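Data block below; observations after.
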Protein chains: 4
Amino acid sequence: MSTVPAFKRLPRAVREQQMLDAAVKVFSRRGFHAASMDEIAEDAGISKPMVYAYLGTKEELFVACLHREGTRMMQAIAGAAAPDLPADDRLWRGLRAFFGFVGAHRDGWAVLYRQARGEQPFARELATMRSRLVEVVAGMLDHALRAEGREIAAVDLEVVAYALVGATESLADWLADHPDADPEKTATRMMNVAWLGAAQLLHGVTWRPPAD
Amino acid sequence: MSTVPAFKRLPRAVREQQMLDAAVKVFSRRGFHAASMDEIAEDAGISKPMVYAYLGTKEELFVACLHREGTRMMQAIAGAAAPDLPADDRLWRGLRAFFGFVGAHRDGWAVLYRQARGEQPFARELATMRSRLVEVVAGMLDHALRAEGREIAAVDLEVVAYALVGATESLADWLADHPDADPEKTATRMMNVAWLGAAQLLHGVTWRPPAD
Amino acid sequence: MSTVPAFKRLPRAVREQQMLDAAVKVFSRRGFHAASMDEIAEDAGISKPMVYAYLGTKEELFVACLHREGTRMMQAIAGAAAPDLPADDRLWRGLRAFFGFVGAHRDGWAVLYRQARGEQPFARELATMRSRLVEVVAGMLDHALRAEGREIAAVDLEVVAYALVGATESLADWLADHPDADPEKTATRMMNVAWLGAAQLLHGVTWRPPAD
Amino acid sequence: MSTVPAFKRLPRAVREQQMLDAAVKVFSRRGFHAASMDEIAEDAGISKPMVYAYLGTKEELFVACLHREGTRMMQAIAGAAAPDLPADDRLWRGLRAFFGFVGAHRDGWAVLYRQARGEQPFARELATMRSRLVEVVAGMLDHALRAEGREIAAVDLEVVAYALVGATESLADWLADHPDADPEKTATRMMNVAWLGAAQLLHGVTWRPPAD
DNA sequence: TATGAATGAGTATTCATTCAT
DNA sequence: GATGAATGAATACTCATTCAT
């Protein structure tokens with residue numbers, strides 16, 4: 001009937017991705033609070049009510065961004081670190097994939113993540129994502145330990161994994177702040193820190209506080 | 001009769017501390033953005049204009065909080081880790097002091113710090129503080145390496161130190177989130193991660209990426 | 001039933017005029033500083049955010065008022081003083097139109113103008129408007145002089161025009177302050193001051209300072 | 001009794017002048033509203049309560065400035081234009097004194113005056129000052145007219161004088177805005193505008209509106 | 001006299017969110 | 001489905017002015 005081209009009536013899924021793209025961009029550039037829904041809508045080339053209709057409130061929108069980017073990152077890691085490889089190999093490939101991803105999305109993932117850490121509303125989402133990472137790392141360590149016939153308390157395992165994840169995040173920050181740095185080299189450095197320490201643990205070497 | 005000063009007209013120095021106390025409390029509870037100057041002033045038992053007169057804008061006030069708390073923390077560490085001790089001892093005492101401090105200010109320092117990481121305006125202040133830490137840690141490592149007759153590129157040193165600091169920050173987060181956790185134990189765990197890895201490096205053991 | 005539009009959701013252009021009407025009114029009544037955006041918005045029958053959305057900050061709003069009213073005035077003058085008339089006729093018609101306009105907007109234009117003279121932020125806008133007037137007047141004088149075979153330095157011309165404009169502004173003030181005064185009579189008086197003096201200049205009569 | 005030098009206990013009159021100096025400076029630089037009592041007090045090297053104690057509220061302070069500077073200006077004029085001189089000589093000397101004064105206080109008198117014109121609270125003070133000027137000018141004109149055996153309606157006289165004063169103020173503005181301009185030359189120009197026109201009037205030449 | 005300490009009251013500006021069309 | 005129009009509610013920041021010492 002109409003000769004008007006159906007140029008704007010894109011399917012919902014496409015529109016949502018456009019919005020998320022814009023949102024990730026703006027949230028990264030401005031930070032969660034300084035970002036305005038106006039700017040996001042404008043950047044997405046869409047009107048504000050549409051954003052609300054599709055992706056909900058500002059907080060929900062941010063969570064959606066976090067979710068999409070986090071999932072992509074986890075997929076990148078999972079795709080690289082196949083579970084049937086030996087532990088050190090898995091760790092290395094995982095780290096390489098992680099830093100590669102962060103390096104390729106310097107103004108996306110790392111910045112969003114940094115934003116989220118400070119705000120209570122995102123604690124839950126963040127905790128979920130971080131636990132997934134911690135789980136993976138702890139799993140690797142545990143697997144390797146058992147292969148050596150050793151065991152370690154779950155809490156300790158978690159804490160150590162937490163520390164490793166923290167170190168990694170910190171280097172991710174460093175990478176995001178140094179645009180010319182090489183992700184692969186960064187991964188190597190992290191591997192040195194992580195694996196050498198872990199290897200010691202694996203072989204039963206532990207440090208104990210002096211009697212004092 | 002009483003030597004307690006009258007309730008009002010306190011000298012500036014006193015009022016400033018009261019304000020900072022209130023600000024740390026409110027910023028921690030609400031987060032930087034959600035915190036209102038009104039609430040801070042009220043909590044300090046003073047009117048808003050005084051806050052502005054003494055400590056400046058909201059951002060400046062936050063930086064002042066960060067500064068005071070950061071300085072206190074650094075002093076706690078410096079007081080514990082005398083520079084004439086052997087490296088591992090210094091590291092251990094420093095870590096113990098750090099986690100002790102964080103544990104004792106679970107709703108102050110750690111939360112402020114977490115807030116600051118997400119917001120650009122505080123990047124500079126934070127970077128300064130972190131560099132001081134990184135410098136200290138890197139100094140310890142370098143000192144120990146030279147004692148072993150080894151050397152390491154400055155960049156590598158910095159990155160490793162960065163990772164260690166990151167791991168430590170991460171555990172500090174963990175500690176702040178686990179009210180029942182024991183700071184000393186956390187320090188021990190961190191020491192295990194850090195020192196075992198570092199010790200390897202000190203002895204010339206390094207990990208290298210596989211040929212792929 | 002009715003073609004009168006519903007009371008709300010008016011198109012932007014309409015609302016902008018309503019806002020400007022209200023702003024002119026309030027700025028005139030209260031003065032720039034004492035005027036509050038709240039009152040302007042309320043007087044326009046709209047919420048404050050709309051004022052900001054359409055017309056910007058308070059200063060920009062004031063400039064917009066100045067601009068609209070100034071343009072209207074210039075149009076009134078231009079419409080009356082056709083460029084093909086003889087100089088004295090043009091001047092007379094221009095003055096009559098000007099004082100007529102001021103008299104008809106005693107509580108609008110003249111007051112705004114008076115406000116603007118005192119505040120630096122409006123200096124540029126004002127200077128622009130005054131230069132346009134000065135230019136017109138200087139143009140008339142110059143035209144008449146050349147017709148008489150005379151010439152006069154550009155600076156002198158500008159200064160004399162400036163003085164005439166100043167005298168006119170001053171009488172406009174006087175008119176605005178005397179609600180019962182007759183604009184036409186005021187124009188006649190101004191014409192006497194201006195034209196008689198100018199006529200002398202046109203005929204080569206000049207005054208020179210005594211030897212002292 | 002005390003060996004403390006009586007350095008700060010200046011007599012009241014001196015202190016008041018210091019304050020007025022500072023106030024004139026700050027009001028001129030910032031404008032009435034943007035000027036803060038804090039800055040004025042600081043610039044005067046005195047504490048705020050003293051300013052209030054000596055010179056009253058901000059408005060009263062501004063009026064005091066206006067008053068002092070206005071009086072000084074009137075004195076400068078009166079000292080130059082002795083009442084026993086012929087009218088044109090008086091006018092010329094008066095104008096020369098006026099522009100000389102304005103030129104010598106480019107950031108004082110003229111700016112204060114400009115400020116005051118926009119604000120209702122100063123209307124009374126301003127009106128008083130302007131009438132004194134108008135009176136002087138009108139007196140000159142009237143005197144001269146009577147010497148020629150002519151008369152003119154009081155209103156007309158007032159209005160013409162008003163126009164001349166306005167032209168003069170306008171040139172004073174121009175002078176204040178052109179730091180390199182020569183006051184004496186400006187006075188000459190004003191004299192040309194004013195006197196030539198006035199001379200016509202004095203000789204009975206008047207302009208009348210065309211039948212239209 | 002002189003001042004540091006203190007505040008009540010006010011204002012511009014912003015933004016997430018939702019109608020009405 | 002899509003949007004321009006509209007707003008409630010909140011907040012940082014300022015300033016003239018006055019006590020208490």
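Below, chain A is the first sequence line, B the second, and so on; all start at residue 1. No experiment lies behind these values; they were computed from the predicted model shown.
- Of all heavy-atom pairs spanning Leu55(D) and Met19(D), the tightest one is CD1-CB, 3.7 Å.
- Rounded to whole Å, atom P of dA5(F) lies 9 Å from atom CZ of Arg9(C).
- Residue pairs meeting the side-chain hydrogen bond (donor to acceptor under 3.5 Å, both in side chains) criterion with at least one member in residues 45-62 of chain C, sequence neighbours excluded: Asp38(C)-Lys48(C).
- Counting to the nearest Å, the P atom of dA20(E) and the CG atom of Leu10(C) are 14 Å from each other.
- Residues of residues 48-58 of chain C having a heavy atom closer than 4.0 Å to DNA chain F, listed by number: Pro49(C), Met50(C), Tyr54(C).
- Distances shown here put a side-chain N or O of Arg15(B) below 4.0 Å from the OP1 or OP2 atom of dA6(E).
- Leu20(D) has its side chain within reach of Gln17(D): a pair of non-hydrogen atoms, C-beta onward, lies under 4.5 Å apart.
- For the segment residues 31-43 of chain A, no residue has any heavy atom less than 4.0 angstrom from an atom of DNA chain F.
- Take Glu69(C) and apply the salt bridge (Lys or Arg N to Asp or Glu O under 4.0 Å) test, not counting sequence neighbours, and it matches Arg72(C).
- Partners of Glu39(B) according to the salt bridge (Lys or Arg N to Asp or Glu O under 4.0 Å) rule, which considers only residues two or more places apart in sequence or in another chain, are Arg30(B).
- Regarding Glu59(D), its CD atom lies at a distance of 14 Å from the C1' atom of dC15(F), rounded to whole Å.
- Judged purely by atom type and a 3.5 angstrom limit, Gln120(C) uses its side chain to pair as donor or acceptor with the backbone of Arg29(D).
- One interatomic measurement links the two molecules: CD1 of Ile46(B) to P of dG4(E), which rounds to 17 Å at whole-angstrom precision.
- Summarising the geometry, the separation between CD on Glu16(A) and P on dG1(F) is reported as 12 Å, rounded to the nearest angstrom.
- Taking CG of Leu126(A) as the start and OH of Tyr113(A) as the end, the distance is 5.5 Å to the nearest 0.5 Å.
- For the helix from dA2(E)-dT21(F) to dT21(E)-dA2(F), the rotation axes defined at the first and last 5 base pairs enclose an angle of 20°, given to the nearest 10°.
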